[in-house]
Amino acid sequence: SGTTRPVRILKYVQRCANSGDVLSVISAIDAYCSKVEWAMNVGDEKGAILDAVVLETRPRYVLELGTYCGYSTLRIAHLLAPGARLITLEMNPHYAQVAIEMFRHAGLDAQVELLVGSSSALIPQLRKKLDIEKFDLVFIDHWKVSYLPDTKLLEECGLLKAGSVLLADNVTCPGAPDYLQYVRNSPRYQSQYFPARLEYLQVEDGVEKSVFLG
Ligand SMILES: O=C(NC/C=C/[C@H]1O[C@@H](Sc2ccncc2)[C@H](O)[C@@H]1O)c1cc([N+](=O)[O-])cc(O)c1O
Ligand SMILES: [Mg+2]
């Protein structure tokens, strides 16, 4: 039985990226996935949009849905102020383990709280479990069919406040049409589309930034 793609990415990072250097970990993942084998990281083009939204939001509490190898987790963690908290939810224990090793190599394992489980099961527990009232920024990059139900769940659990920012990957490819229709037509959101290429490919994608209005 061979390794998995996330394990191959992690081994490449452990071999080629300087430990403790998050930017070299990020560029090593991008190098591997653009030259050796494609993987569903947000990538460097959409990653730059994510960076800009993190910097403009200056979030204290961040939630990520879908960790995978931890690429976007690292991009976000690198830009947070001391004392900020980044929670990332991953339901595949193998991917979670790879991501934890990735965070360790980058020297950011103390900056990230990874919970293993499905977002639908974990979101209702976050307030009690983590003593967090509201999230300032949510990065959505898990199953595309879960974007809309999980957004509604975040609203119902009172985890969004006026000004909370949702940033959703892949709203064009693979697409999240029901989510897009909701955030673009609901009076409770101010939504904006940022076109970009799908990671490592010449295919059109984009991210949607939606500000919750309360
Ligand atoms: O399918 C995609 N992403 C699904 C991501 C899924 C990630 O989130 C959890 S699922 C989960 C985690 C937490 N709670 C519930 C479910 C999986 O274990 C994986 O780590 C995708 C596909 C393409 N593409 O081009 O085909 C491009 C992309 O950028 C993508 O993000
Ligand atoms: Mg994605």
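Just follow the structure's listing: the first ligand is 1, and inside any ligand the first atom is 1.
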For [atom], what is the closest protein heavy atom, and at what distance to 0.1 Å?
{"atom": "atom 12 (C) of ligand 1", "result": "M91 N, 3.7 Å"}
{"atom": "atom 18 (O) of ligand 1", "result": "E90 OE2, 2.5 Å"}
{"atom": "atom 2 (C) of ligand 1", "result": "K144 CE, 3.4 Å"}

Any N/O pair [X]/ligand 1 closer than 3.5 Å:
{"X": "S119", "value": "yes"}
{"X": "N41", "value": "no"}
{"X": "N92", "value": "no"}
{"X": "D169", "value": "yes"}
{"X": "S118", "value": "no"}

Handout entry: Ring-ring centroid check H142 Y68, cutoff 6.0 Å
Key = no

Practice task
Check the Mg ion (ligand 2) and write out every protein N, O or S atom at under 2.8 Å, as residue and atom.
Solution key: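 Under 2.8 Å from the Mg ion (ligand 2) - ignoring waters, which are not counted - the protein N, O or S atoms are D141 OD1, D169 OD2, N170 OD1.
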
Salt bridge flag under 4.0 Å for residues [X] and [Y]:
{"X": "R104", "Y": "E101", "answer": "yes"}
{"X": "K209", "Y": "E56", "answer": "yes"}
{"X": "K161", "Y": "D136", "answer": "yes"}
{"X": "E208", "Y": "R184", "answer": "yes"}

Problem - 4.5 Å side-chain heavy-atom contact, L201 and W38 - result: yes

Exercise for the section: Give the minimum heavy-atom separation between V22 and H78, together with the two atoms involved. Expected result: CG1-ND1, 3.2 Å

